[in-house]
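Since the structure is predicted, the reported quantities are computational estimates derived from the model, not experimental observations.
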Amino acid sequence: MRAPVAILSAMLALPACQDPTSDLGPAQSVELGRAVFSYEGPRHYDILLVIDDSASMADEQETLALNLGAFIDVLESEEVKMDYRVMVVRTSGSNCQLDGQTDGQTDGGLPVAESCRARLEDFVVPEGREAGVADWRDVCLESCAHETLDIVPTLAGLEDTARPRPWLEHRRDTEGEGVNSPVPLGEALTCLGLVGVSGCDYESPFEAIARVLEQDKVPGSPTYGFLREDAHFLALVISDEDDCSLRDPSVLDPAGARVFWPPGTPSAETRAPSATCFRAGSGCRVEENRWVCEAVERAADGGPAGPGSGAAPVLHPVDELVQSFERLRQSKRDAGNHEAAVLLGLITGVDERGMGAWPLPEPEDADFVAEFGVAPGCQAMHDEQRAVGMSPPRLLALAEALTPNNAFSSCSNDYSPALEAIAEAIRPQLAPNCFPHTARLHPVGSQGRSADCLVFAEVEGLAEETRVPECVRDDEGGYQLDEEMGDYTRPPEAEVCFVAITDANGSMTPDPFDSMSVECVDQEGNLEFKFVMRPGSPWRGRDRRYEVVCSVDPEAPAPMP
């Protein structure tokens with residue numbers, strides 16, 4: 001995907017605000033080359049985690065507990081430094097209490113705002129529900145060390161009063177940076193992301209997402225102000241079944257027609273199997289010895305629904321949620337965020353390739369097939385327990401419309417690769433700073449090489465350009481490493497310094513960190529720039545431009561276009 005967070009451009013012959021040739025000798029005797037490297041300030045991301053809290057997700061939540069920190073680690077990595085918010089909601093929805101029957105949590109789309117230790121009852125499977133293990137409180141107690149999270153009050157939306165918000169936030173802007181949690185954010189997300197196993201078997205991620213989008217602009221709602229106009233948006237759904245966001249509750253009514261109930265369901269059964277939703281919203285067929293399932297819209301009588309049919313669909317239409325995402329994207333563009341990204345990620349019942357085509361059933365799948373009509377979308381062994389995931393045609397249809405090829409298997413024993421891949425997809429992708437001329441190089445000391453260059457910074461909010469110094473060199477001419485910071489050393493009081501990278505083949509200097517990138521070498525250049533910024537510098541939150549002026553070899557070929 002095209003990186004939305006950082007843009008690098010190199011442009012020639014741009015005027016400087018001051019005369020750079022004064023330090024490079026008489027202008028008539030020096031051939032000069034120029035380049036400009038421009039960066040946008042760090043973009044914002046609002047991330048919604050929609051997590052299945054049904055009993056079937058017990059093993060998967062244990063896996064999730066081990067891996068949620070990996071998601072934060074990518075967002076927090078030194079080279080990313082992303083500004084972000086993360087909020088957690090459950091998949092249990094309004095269809096979990098029908099005709100007086102109680103079926104666990106009913107707060108899909110409402111944020112999880114407490115540590116799992118403050119709601120241990122959520123980790124006990126409700127009586128009468130199928131579960132190999134009924135009590136999963138140890139998952140919370142062993143994975144989360146914090147009884148409370150004590151979220152720091154902040155402003156949001158148009159409110160002028162700070163209050164604790166039901167999300168985690170790391171802010172980086174022109175006022176500096178800060179977090180809204182005294183608990184490290186990776187640990188805090190683990191305590192929130194463990195949503196429990198007492199929720200509804202009729203998972204409704206569509207309803208949860210739609211509720212967040214609808215309530216965001218409603219003052220007083222729990223999620224008011226979560227979505228920022230200048231932020232990108234990612235919804236990440238983690239579930240082992242497909243969406244069951246109902247429009248017509250008669251689908252689950254035991255006294256109704258039972259059109260979508262699995263064949264063979266005992267007439268005395270008063271609780272609809274979760275497969276009822278799958279049968280109401282998907283159509284499956286066999287192609288080349290594999291099942292292929294697709295999202296479909298059906299009416300209460302089992303016939304077609306949607307535009308042109310004259311019948312209302314029993315489930316929330318995929319297209320309506322796609323339109324909600326599109327309206328969100330358009331509202332951001334109308335507010336000036338023209339490159340706004342609105343994305344969907346899935347950890348669900350797909351195979352290890354993230355594909356939604358499923359094999360024919362094995363003998364051990366007989367009970368599963370009797371209920372759902374098809375074999376599991378994925379399966380794996382977790383501590384001698386067989387974990388399965390249902391094929392999710394509705395979720396995949398939504399992903400295909402919004403963010404193709406962004407689905408990962410819920411049956412995996414390790415979610416960290418999936419979480420890291422999804423986080424990597426939204427991180428800033430910084431291109432290398434290739435100087436588009438052949439610079440004059442000369443030795444520095446016994447081990448270094450450099451170029452005659454002047455560098456200036458123009459930073460949003462600063463009235464004048466700032467001269468950027470070179471990073472500190474050691475006695476042998478190489479750049480001096482700051483072991484504490486794990487980077488090159490800045491001169492005292494410098495917000496930023498530059499490094500002239502000149503080692504095109506990795507063997508010209510003994511410094512293992514000054515090798516040029518493949519991109520710059522491929523452009524047949526001999527100079528690349530790196531900028532080392534002070535940790536916590538307010539420049540990180542501002543648009544900035546570095547203008548570079550260097551003496552060049554007049555005999556060298558013309559620069560690459």
Side-chain angles (χ1 to χ4, degrees), residues 1-3 45 47-52 56-57 59-61 63-64 66-68 70-71 73-75 91 193 203 205-206 209 232-243 278 281-295 318 321-322 325 341-362 365 368 372 374-382 386-427 429:
M1 61 177 288
R2 182 170 180 266
Y45 255 100
I47 302 168
L48 179 68
L49 299 186
V50 186
I51 302 178
D52 189 341
S56 66
M57 277 288 288
D59 287 318
E60 287 84 350
Q61 281 202 59
T63 302
L64 193 62
L66 299 174
N67 299 150
L68 277 172
F71 191 71
D73 287 344
V74 175
L75 303 181
T91 59
E203 293 90 338
F206 283 16
I209 295 171
H232 302 290
F233 175 66
L234 167 70
L236 172 58
V237 179
I238 304 172
S239 176
D240 64 347
E241 289 197 32
D242 205 359
D243 174 75
F278 178 80
S282 64
C284 298
R285 63 186 184 277
V286 176
E287 288 186 359
E288 298 180 355
N289 293 322
R290 295 182 69 85
W291 284 98
V292 176
C293 299
E294 298 173 335
V318 175
L321 194 53
V322 171
F325 274 79
V342 178
L343 311 173
L344 178 73
L346 302 176
I347 297 179
T348 186
V350 296
D351 64 19
E352 66 279 0
R353 301 167 301 161
M355 303 296 291
W358 305 276
L360 295 175
E362 301 292 338
D365 298 328
F368 192 97
F372 286 89
V374 295
C378 67
Q379 49 189 308
M381 295 301 295
H382 292 181
R386 181 168 174 256
V388 299
M390 185 60 246
S391 51
R394 283 168 53 78
L395 285 172
L396 287 174
L398 181 64
E400 182 64 25
L402 297 171
T403 319
N405 305 315
N406 206 27
F408 301 85
S409 177
S410 62
C411 293
S412 173
N413 287 305
D414 182 5
Y415 286 171
S416 60
L419 291 167
E420 289 171 1
I422 292 169
E424 287 284 346
I426 64 175
R427 62 173 282 182
Q429 302 293 330

Practice item. State, yes or no, whether a side-chain contact exists between F278 and C293 at a heavy-atom distance under 4.5 Å. Key: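 The answer is yes, as the side chains (C-beta and beyond) meet within the 4.5 Å cut-off.
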
Practice item. Side-chain contact test, heavy atoms from C-beta onward, threshold under 4.5 Å: evaluate it for L398 versus F206 and give yes or no. Key: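 A side-chain contact exists here, since the closest heavy-atom pair is under 4.5 Å.
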
**Study point:** Minimum side-chain heavy-atom gap E203-D240 below 4.5 Å
**Key:**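 In contact.
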
Review point. Where do C378 and S410 land on the side-chain contact (heavy atoms from CB on, under 4.5 Å) test, with the steps shown first?
Key: CA-CA 8 Å; C378 67; S410 62; 3.9 Å; yes

Point to revise | Side chains of Y45 and L343 in contact at under 4.5 Å (non-hydrogen atoms) | key: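 A side-chain contact under 4.5 Å exists here.
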
Review point. Looking at side-chain heavy atoms only, is the closest gap between I209 and L321 below 4.5 Å?
Key: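 Sidechains of L321 and I209: in contact.
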
Check your understanding: Okay, side chain of N413, backbone of T63: is any donor-acceptor separation there less than 3.5 Å?
Key ->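 A pair under 3.5 Å: no.
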
Check your understanding: What are the two closest non-hydrogen atoms of V388 and C411, and how far apart are they?
Key ->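 What the structure gives for the nearest pair is C-SG, 3.9 Å.
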
Point to revise | Exercise: identify the closest heavy-atom pair between L346 and L236 | key: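 For L346 and L236, the tightest heavy-atom pair comes out as N-CD1, 3.9 Å.
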
Check your understanding: Do L234 and V342 have side chains that get closer than 4.5 Å, going by heavy atoms?
Key ->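 Answer no - side chains too far apart.
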
Check your understanding: How about D414 and S412: does a side-chain donor come under 3.5 Å of a side-chain acceptor?
Key ->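 Judged by distance alone, the side chains do not pair up.
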
Point to revise | Approximate separation, where rounding is to 0.5 Å, of T348 OG1 and D242 CG | key: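 That separation rounds to 7.0 Å.
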
**Study point:** Heavy-atom side-chain proximity of F71 to I47 below 4.5 angstrom
**Key:**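 The answer is yes; the side chains approach within 4.5 Å.
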
